[in-house]
Number of protein chains: 2
Amino acid sequence: MTTRSREDVVQAAGRLFAARGFHGTSMRDLGDELGLLGSSLYSHVESKEQLLIEVVQRGAALFQALADSVAASDRPPAEKVAALVRGHVDIITSNQEQSATFLNEARFLPADGRTAIVILRDRYEETFREVIAEGVARGAFRDQNPALASILVLSVLNALTRWYRRSGAQSPEEIADAMVAFVMDGLQ
Amino acid sequence: MTTRSREDVVQAAGRLFAARGFHGTSMRDLGDELGLLGSSLYSHVESKEQLLIEVVQRGAALFQALADSVAASDRPPAEKVAALVRGHVDIITSNQEQSATFLNEARFLPADGRTAIVILRDRYEETFREVIAEGVARGAFRDQNPALASILVLSVLNALTRWYRRSGAQSPEEIADAMVAFVMDGLQ
DNA sequence: CCCCGACGAACGAACGATTGTTCGTTAGCC
DNA sequence: GGCTAACGAACAATCGTTCGTTCGTCGGGG
């Protein structure tokens, strides 16, 4: 029997928190998942709460990196939206449990950690809003409320954590293609 | 102090399950919400699980009624989609907590109740799929995979449980208008 | 080359708190 | 005066966490 690392524990937490919810997962459940006792996890991690913080922060970092990279690029708004959609789909299909925990369980963070995550999430949404607003200003998209439009686009994207199955009928590329088509037509 | 009814308990459960999650809500929390002790709730309800079943089933019934009514109507596909979107928005904005519990907490139902709900949810999605397929067949919508398209439309609609605020900037009618426009253009 | 000491991982019992639920008792309305 | 909602103590189970102990491995000195 090999010994487990902190990394193993964080990954198992991402998996179980996504599947059963934070409050539906006990430290003993987490131990079972790794072939350990619940108490043994405290060799690797300070608390259950800290485990949630770590999973959620990693999820947030993935999306933040995408937003920063696209925002910094010098491309027309339509291409930026397409890049955001494809990048978002790629993050979720490659890190589904982590993304699901980030999106669904962040509300169970302690107050201070939660506000930090809300700020990150707002900043991510702001990137979408600004790109859409730029597209409207340039006439690439029809006249519409960018705040509302960005919410609708993110609705389509975030729901992917709920229905994507690695063994499903559609490949990540097909999903991304369909979402780009749907979203671009919805904006234009 | 007035006495509480079973209805009061179910409604409070819908509220708290939506806000804190099923596993994050204790019977004593629910009692507090109603000015009662946790144990007093058992005068009205058999178990915490039964309470979840009841909230989720009510949520499912609302959406099922909408789907049945629209499916039975004799209108072109584009109008049916618009009616589904507007009806869906109306249900969520009028019953936000119940809808949120239905969509987010149904996975914590006991196995038998869960499969029953999954069947209802599949049937609801099937209504969308059929209407879209009909629209594609008649040339009202562009050629696309109706299964995937129905998921994308429902993604936009269901996310409303997460961001709608009665005191928010957009009225339910404005939201419905924006969603109809977004979805119809995404399909056409 | 072997042994030994050290160190971290894992154990397992135990803690106090909280969970869902039961039940005998009390109190308020028709 | 009876019915029932509500109380409040109590239950077994489970929760997150602590802690003293055991196990396994790895590096250095004889």
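Each chain gets a letter, A, B and so on, in the order its sequence line appears, and its residues count up from 1.
Counting to the nearest Å, the C1' atom of dC7(D) and the CG atom of Leu34(B) are 15 Å from each other. We find that CG of Leu41(B) is positioned 9 Å from P of dC7(D), with the value rounded to whole Å. For the pair His44(A) NE2 and dT17(D) P, the interatomic distance rounds to 16 Å; values are reported in whole Å. Between Leu37(A) atom CG and dT18(D) atom P there is a gap of 16 Å when expressed in whole angstrom units. Note: CG (Asp32(A)) to C1' (dC11(C)) measures 14 Å, nearest angstrom. A straight line from CD of Gln50(A) to P of dT17(D) spans 11 Å, rounded to a whole angstrom.
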(request) Can you check each nucleotide of nucleotides 13-23 of chain C against protein heavy atoms at under 4.0 Å and return B for base, S for sugar-phosphate only, - for none, in 5' to 3' order? (result) BB----BBBB-
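The list of ring-ring contact (aromatic ring centres under 6.0 Å, His included) pairs with a residue in residues 25-52 of chain B, not counting sequence neighbours, is empty. For residues 51-71 of chain B, every residue pair satisfying the side chain to side chain donor-acceptor pair (under 3.5 Å) rule, not counting sequence neighbours, is listed here: Arg6(B)-Glu54(B), Glu7(B)-Arg58(B), Gln64(B)-Asp68(B). Under the side chain to side chain donor-acceptor pair (under 3.5 Å) criterion, the residue pairs touching residues 129-138 of chain A are Glu125(A)-Arg129(A), Glu134(A)-Arg138(A), with sequence neighbours excluded.
Phe63(B) is linked by a ring-ring contact (aromatic ring centres under 6.0 Å, His included) to His88(B), Phe102(B), Tyr124(B), counting only residues two or more places apart in sequence or in another chain. Here Thr115(A) pairs with nothing under the side chain to side chain donor-acceptor pair (under 3.5 Å) rule; sequence neighbours left out.
Taking 4.5 Å as the limit, some side-chain heavy atom of Phe182(B) sits within range of a side-chain heavy atom of Leu187(A).
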